[in-house]
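Since this is a predicted model, take the numbers as computed values, not measurements. First the proteins, then the strands, lettered A, B, ... as listed; each starts at 1.
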There are 2 protein chains.
Amino acid sequence: MPSCFADRLGGIIELTATEIEALTRLEERERTLRRNAPLLRENDRLGELFVLRSGMMMSCAILDNGSRQILRFLFPGDIIGAAALAYRHAPETVVALSESVVSPFDRSLLTQLTTEHPRLAAAMLALDQIERVMLTDRLAGLGRTSAKARVASILLEVRDRTQHLSARGGDAAFVLGLTQEEIGDATGLTAVHVNRMMRQLEEEGLIGREGGRVTLTNEAALRRAANYVDRTAGLDLGWLPPSR
Amino acid sequence: MPSCFADRLGGIIELTATEIEALTRLEERERTLRRNAPLLRENDRLGELFVLRSGMMMSCAILDNGSRQILRFLFPGDIIGAAALAYRHAPETVVALSESVVSPFDRSLLTQLTTEHPRLAAAMLALDQIERVMLTDRLAGLGRTSAKARVASILLEVRDRTQHLSARGGDAAFVLGLTQEEIGDATGLTAVHVNRMMRQLEEEGLIGREGGRVTLTNEAALRRAANYVDRTAGLDLGWLPPSR
DNA sequence: CGCAAATTTGAACGTAGTCAACAAGTGTGG
DNA sequence: CCACACTTGTTGACTACGTTCAAATTTGCG
């Protein structure tokens with residue numbers, strides 16, 4: 001039973017045995033969710049956070065015109081409900097996109113963690129920055145790129161984040177696991193237009209499709225079309241305090 | 001010489017004298033910028049962060065199609081260049097929108113701060129969450145709201161964040177300090193369309209305009225039009241470790 | 001097999017972009 | 001003090017990207 005969150009942090013910095021042990025305590029409990037099952041609803045009272053252990057989830061906002069905006073996709077190792085560190089009530093809804101397993105843990109565990117392991121607290125600050133930058137990438141995409149680019153970047157994001165875990169190097173083919181409506185809610189488009197863009201990407205030879213599987217037939221061109229930047233590169237955590 | 005960042009944190013949690021003193025060390029130096037002066041350019045080597053002490057700035061991304069997306073506006077008390085906590089090179093450009101004063105400080109000061117003041121490190125995690133939620137609000141706005149709503153929300157954001165500092169309660173009139181082009185780059189619109197939306201807001205009696213001044217003649221309606229949510233409310237920092 | 005969800009396609013529409021011209025500041029140097 | 005250049009704001013005509021609505025088709029699944 002490894003700790004998914006320790007794996008995530010471990011991909012960025014060296015962890016000591018005690019640090020790993022402390023992080024493992026965040027994932028002692030476990031809860032399974034079926035596709036479309038909500039984990040948090042906007043305005044729910046908060047108190048716990050979660051580590052996503054397996055599956056794919058999303059966080060989204062429902063606007064009062066009834067439309068939905070997917071704010072981010074969540075993958076194993078991601079922290080869910082971090083808003084609980086600042087707010088009493090959930091600012092966003094979190095739903096499972098596939099069968100998923102989460103580990104709930106109390107906010108108070110972080111009280112302890114930050115005092116006993118300042119290095120981990122600092123690493124979490126750094127992790128927040130990585131996620132903030134990925135969020136601003138999506139913001140720039142929504143504001144200033146074409147429909148085609150936005151759809152392409154969703155494909156790349158899901159591929160990169162699911163394959164990074166299992167096989168390395170990356171298979172060109174993968175299961176998307178999203179409906180076109182969900183892609184639309186992530187990109188600010190309608191499902192109908194997503195369909196047209198997918199078709200266009202296919203006709204241009206950038207991707208192939210069959211059933212739920214997508215194949216990146218011309219990955220380089222797809223990355224160019226999407227304005228894709230890899231935010232896991234170029235890291236520099238040199239400022240972190242030493243362990244303990 | 002008060003510390004602007006201490007004021008910001010102090011608005012959220014109680015600070016001890018030692019904590020305030022530690023935070024003050026982040027603002028010992030000072031640097032002035034004229035309007036349009038860049039503080040950081042995308043891909044600059046990082047190493048320092050900054051506290052914005054006065055003025056208004058923005059961070060933005062330049063896409064390779066040449067267009068610009070303003071990612072956020074910065075106000076006194078905001079930390080600039082926090083990406084330095086994770087990256088070697090700046091992922092975004094930061095520019096002064098008005099005459100501004102910043103205090104540069106080295107990353108290593110945070111190494112010290114996080115180990116000696118775990119409570120402050122935890123508070124910074126919470127602050128990140130607030131900013132992350134404000135960012136997702138803008139993301140949802142770009143993806144799923146009308147041009148009019150997006151322009152309206154920029155007006156409200158600038159008003160709230162500039163007036164919060166000086167007078168309380170809030171004057172209905174204020175100086176925007178942004179060109180229509182800049183509003184466009186923040187909302188994902190063209191300057192021309194921003195102009196039409198401003199005019200429309202004026203014709204509908206929601207705002208008044210004269211010179212650089214904007215008057216909120218019907219603030220309630222404007223907030224409704226903008227889908228505006230106040231993210232400084234509903235805070236709960238109860239999990240923070242005790243001081244020292 | 002039969003039903004519901006998801007995808008696909010076409011046609012008409014509308015919001016926002018593009019291009020262009022002009023007006024109204026703003027600052028500079030002669 | 002004015003002439004000039006430059007930036008910003010304003011308006012109109014035309015275009016286009018993406019939406020809306022509707023219907024048909026395919027897929028997944030109990």
Need to verify one output field. Residue with the more 5' nearest nucleotide on DNA chain C, B:Lys148 or A:Ala191?
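Nearest nucleotide further toward 5': that of A:Ala191.
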Has the side chain of B:Ser59 got a donor or acceptor atom that lies under 3.5 Å from a matching backbone atom of B:Val94?
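No, B:Ser59 side chain to B:Val94 backbone: no donor-acceptor pair under 3.5 Å.
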Between A:Gln69 and B:Gly141, is there a donor-acceptor pair closer than 3.5 Å when you use the side chain of the first and the backbone of the second?
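Judged by distance alone, no pair lies under 3.5 Å.
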Atom [atom1] of [X] and atom [atom2] of [N]: how far apart are they, to the nearest Å?
{"X": "B:Leu97", "N": "D:dT7", "atom1": "CG", "atom2": "P", "result": "17 Å"}
{"X": "B:Arg196", "N": "C:dT15", "atom1": "CZ", "atom2": "P", "result": "12 Å"}
{"X": "B:Leu176", "N": "D:dG9", "atom1": "CG", "atom2": "P", "result": "9 Å"}
{"X": "A:Gln200", "N": "C:dT7", "atom1": "CD", "atom2": "P", "result": "18 Å"}
{"X": "A:His193", "N": "C:dC13", "atom1": "NE2", "atom2": "P", "result": "19 Å"}

Taking atom types as they are modelled, would you say the side chain of B:Arg209 forms a donor-acceptor pair with the base of D:dT10 within the 3.5 Å cutoff?
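Checked by distance alone, the answer is no.
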Is a donor-acceptor contact shorter than 3.5 angstrom present between the side chain of A:Arg199 and the base of C:dT9?
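Absent.
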Please determine, for the side chain of B:Ala147, which listed nucleotide (D:dG9, C:dA16, D:dG18) has the closest atom?
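Selected nucleotide (nearest to the side chain): C:dA16.
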Candidates D:dT8, D:dG9, D:dG18 - which lies nearest the side chain of B:Arg35:
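So the nucleotide nearest the side chain must be D:dT8.
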Taking the cut-offs as 6.0 angstrom to the six-membered ring centre and 45 degrees off its axis, would you call B:Arg223 and B:Tyr228 a cation-pi pair?
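The answer is yes, since B:Arg223 meets both limits relative to B:Tyr228.
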If you compare every side-chain N and O of B:Gln180 against the phosphate oxygens of D:dT7 (OP1, OP2), does one of them come in below 4.0 Å?
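False: B:Gln180 side-chain N/O out of range (4.0 Å or more) of D:dT7 OP1/OP2.
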Phosphate oxygens OP1/OP2 of C:dT7: is one of them under 4.0 Å from a side-chain N or O of A:Asn195?
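No, outside the criterion.
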As an exercise, state the distance from CG of B:Asn43 to NE2 of B:His89, rounded to the nearest 0.5 Å.
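One finds 6.0 Å between CG of B:Asn43 and NE2 of B:His89.
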Counting the atoms with a prime plus P, OP1 and OP2 as sugar-phosphate, which does A:Gly184 contact under 4.0 Å by heavy atoms, base, sugar-phosphate, or nothing?
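Here A:Gly184 touches no strand at all.
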Closest nucleotide of DNA chain D for A:Arg150 versus for A:Gly212: which of these residues is on the 5' side?
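Its nearest nucleotide being more 5', the pick is A:Arg150.
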Upstream residue (5' side of DNA chain D) when B:Val192 and A:Thr190 are each assigned their closest nucleotide:
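Mapping each residue to its closest nucleotide by heavy atoms, the 5'-most match is B:Val192.
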Donor + acceptor pair across side chains of A:Ser103, A:Glu30 (<3.5 Å)
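Looking only at side-chain atoms, A:Glu30 and A:Ser103 do not form any donor-acceptor pair under 3.5 Å.
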